[in-house]
Amino acid sequence: LNVIGGDGMDCALHIADPSIIYGSSQYGNFYISNDGGQDFDYISSTINDEGGWTTPIILDETNPSGVYLGYGDLWYSSNLGQSFTSLSNFPDMPGTNYASPISDFDLDFPNSNSIYVASRPYFSRNTLTKFWVSTNGGSNWSDRTAGLPDSLFITSVEAGQGSNDNIYVALGGFDAG
């Protein structure tokens, strides 16, 4: 079954309305269906950013119309993807006008002010893994990479529900040794 075209990537199903489906293809091309998958509309055209091969998506558990997308920066829509606002301004990779693509992110629901973002290493651009944390909904970000292997790919980020003290990351890749 080919619904959107291209390589199928991330998807999300609306928590309260099963007729709302988000789907994506490579490099952050996101679509929404409001009729259970019969038709899809392109929603990421207003985002001027570079996404990874698989660009992550999280639905806002506190706003049924909210959706977060992780490109080089983290983007948020409060209106089912009709428009997006950047929640971050991460540093550009050397020689580019965009940040290293986000490999994964999570929010500490129900406190969606706490956001955890992992940016992938991009060795051809001399960019190592970064792990960013915001405790105020994306207004300010702190680099919390210290202590993590900066040459490995963070494949998953999981916030401990309701606790800013427990954040879990999974890493993949190869390192000497």
Side-chain angles (χ1 to χ4, degrees), residues 9-10 12 14-16 20 22 24 27-30 32 42-52 54-122 125-150 152-171:
M9 298 303 188
D10 239 346
H14 194 275
I15 296 167
I20 299 175
Y22 294 89
S24 67
Y27 299 111
N29 292 295
F30 279 91
I32 188 171
Y42 188 62
I43 62 169
S44 49
S45 63
T46 62
I47 296 175
N48 185 23
D49 203 350
E50 299 286 327
T54 302
T55 302
I57 179 174
I58 292 179
L59 300 184
D60 187 343
E61 293 180 17
T62 62
N63 173 5
S65 298
V67 57
Y68 295 87
L69 303 177
Y71 289 81
D73 282 302
L74 186 64
W75 294 80
Y76 180 72
S77 171
S78 62
N79 54 18
L80 297 172
Q82 293 178 28
S83 62
F84 285 88
T85 301
S86 179
L87 297 180
S88 62
N89 187 21
F90 298 132
D92 291 346
M93 292 187 293
T96 72
N97 60 353
Y98 54 90
S100 179
I102 293 172
S103 57
D104 199 23
F105 67 95
D106 201 8
L107 288 90
D108 190 9
F109 291 114
N111 176 15
S112 57
N113 283 326
S114 296
I115 309 171
Y116 310 93
V117 171
S119 295
R120 62 159 285 180
Y122 218 99
R125 297 281 180 193
N126 295 317
T127 301
L128 298 175
T129 297
K130 289 290 185 183
F131 188 70
W132 301 96
V133 175
S134 175
T135 58
N136 56 13
S139 294
N140 300 97
W141 292 89
S142 299
D143 182 351
R144 300 285 179 87
T145 310
L148 293 172
D150 59 8
L152 296 178
F153 197 106
I154 296 178
T155 59
S156 184
V157 176
E158 184 68 34
Q161 296 296 311
S163 169
N164 293 337
D165 296 334
N166 297 316
I167 310 304
Y168 304 92
V169 297
L171 298 129

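All of these numbers come straight from a predicted model, not from anything done at the bench.
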Next on the checklist: Tell me which pairs pass side chain to side chain donor-acceptor pair (under 3.5 Å) where either residue lies in residues 84-100, with sequence neighbours left out.
Outcome noted: Asp73-Ser88

To check you understand the geometry: which heavy-atom pair defines the closest contact between [X] and [Y], and what is its length?
X	Y	value
Gly72	Ala99	O-CB, 3.4 Å
Ser65	Ser78	CB-O, 3.2 Å
Pro121	Thr129	CD-OG1, 3.2 Å
Pro101	Met93	CD-CE, 4.4 Å
Tyr27	Gly51	CD2-O, 3.5 Å
Val67	Phe84	CG1-CE2, 4.0 Å

Checklist entry - Got a sec, which residues hit ring-ring contact (aromatic ring centres under 6.0 Å, His included) with Phe90, two or more places apart in sequence or on another chain? => result Trp132, Trp141

Checklist entry - Tyr122: what forms a ring-ring contact (aromatic ring centres under 6.0 Å, His included) with it, not counting sequence neighbours? => result none

Checklist entry - Could you give the distance from CG (Leu107) to CG (Leu74), rounded to the nearest 0.5 Å? => result 7.0 Å

Say whether, by atom type as modelled, one donor and one acceptor occur between the side chain of [X] and the main chain of [Y] under 3.5 angstrom.
X	Y	value
Asp108	Ala159	no
Thr155	Ala170	yes
Ser44	Gly28	yes
Thr145	Phe131	yes
Asp104	Val157	yes

Next on the checklist: Less than 3.5 Å apart, any donor N or O on the side chain of Asp60 or Tyr76 sitting next to an acceptor on the other?
Outcome noted: yes

Taking only residues two or more places apart in sequence, or in another chain, which ones meet [X] in a side-chain hydrogen bond (donor to acceptor under 3.5 Å, both in side chains)?
X	value
Asp10	none
Asn136	Ser134, Asn140
Ser156	none

Next on the checklist: Let's go through Ile15 and Glu61 carefully: what are the C-alpha distance in whole Å and the side-chain angles of both, what is the deciding distance for side chain to side chain contact (heavy atoms under 4.5 Å, CB included) to 0.1 Å, and is it a yes or a no?
Outcome noted: CA-CA 8 Å; Ile15 296 167; Glu61 293 180 17; 4.1 Å; yes

